[in-house]
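Model, not experiment: these values are computed from the prediction.
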Amino acid sequence: MTLKPLHDRVIVKRTAEEETTAGGIIIPDSAKEKPQGGEVLAVGPECQTLKNGDTVLFAKYAGTEFASNGDDLLIMREDDILGVFE
């Protein structure tokens, strides 16, 4: 990773989107919603509760999307993280 988050910001990679429903119906791209969960890839020096590798839930419209090395990532404030999965 070439981008280092500053202050209380974190870089998150979204989890993969569901391609089919539990019943086997294929979901078209136009009907897919972006996942609200992901894995923390990097944390800023002022982050108190998060660390690299945490799986988190974040607000629906949180963060700013950007691309790095072919991956779509988000950078957001630590306050936008709603919870950490255990």
Side-chain angles (χ1 to χ4, degrees):
M1 164 126 341
T2 58
L3 180 66
K4 179 181 176 184
L6 300 177
H7 307 293
D8 67 339
R9 290 184 172 69
V10 297
I11 296 176
V12 176
K13 181 177 182 180
R14 286 187 197 264
T15 56
E17 297 179 35
E18 293 293 324
E19 298 291 328
T20 59
T21 65
I25 298 172
I26 297 174
I27 303 170
D29 289 338
S30 60
K32 290 181 185 175
E33 288 191 26
K34 292 187 177 182
Q36 289 178 255
E39 179 184 354
V40 175
L41 299 180
V43 296
E46 295 176 17
C47 286
Q48 302 294 319
T49 57
L50 299 173
K51 62 185 181 309
N52 293 356
D54 282 347
T55 303
V56 296
L57 177 71
F58 49 84
K60 188 169 191 164
Y61 299 106
T64 301
E65 294 183 0
F66 70 99
S68 176
N69 298 328
D71 291 326
D72 292 327
L73 305 174
L74 289 165
I75 187 163
M76 63 184 72
R77 291 187 168 278
E78 185 178 24
D79 291 346
D80 292 333
I81 305 291
L82 304 175
V84 178
F85 290 102
E86 295 182 348

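Residues meeting the salt bridge (Lys or Arg N to Asp or Glu O under 4.0 Å) test with E65, sequence neighbours left out: R14, K34. Residues satisfying the salt bridge (Lys or Arg N to Asp or Glu O under 4.0 Å) test with D80, not counting sequence neighbours, are none.
Applying the side-chain contact (heavy atoms from CB on, under 4.5 Å) test between L50 and each of V12, D8, V56 identifies V56 as the sole match.
A distance of 13.5 Å separates NE2 in H7 from CD in E78, rounded to the nearest 0.5 Å. Here L74 contributes atom CG and R9 contributes atom CZ; the two are 13.5 Å apart, rounded to the nearest 0.5 Å.
Linking Ile, Leu, Val, Met, Phe, Trp and Tyr whenever their side-chain heavy atoms come within less than 4.5 Å leaves F58 and I11 in two separate clusters. Hydrophobic clustering, with ILVMFWY side chains joined whenever heavy atoms are under 4.5 angstrom apart, groups L3 together with L41. Both M76 and V40 belong to a single network of hydrophobic side chains, linked directly or stepwise wherever heavy atoms of I, L, V, M, F, W or Y lie under 4.5 Å apart. In terms of hydrophobic clustering, with Ile, Leu, Val, Met, Phe, Trp and Tyr side chains grouped at heavy-atom distances under 4.5 Å, V10 and I75 are assigned to different clusters.
Between P5 and P45, the shortest heavy-atom distance links the atoms O-CD, 3.7 Å.
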Decide yes or no on side-chain contact (heavy atoms from CB on, under 4.5 Å) for T49 and V84, but give the supporting numbers first. CA-CA 9 Å; T49 57; V84 178; 5.9 Å; no

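Inter-residue side-chain proximity for K51 and V43 is flagged as unmet; no heavy-atom pair is nearer than 4.5 Å.
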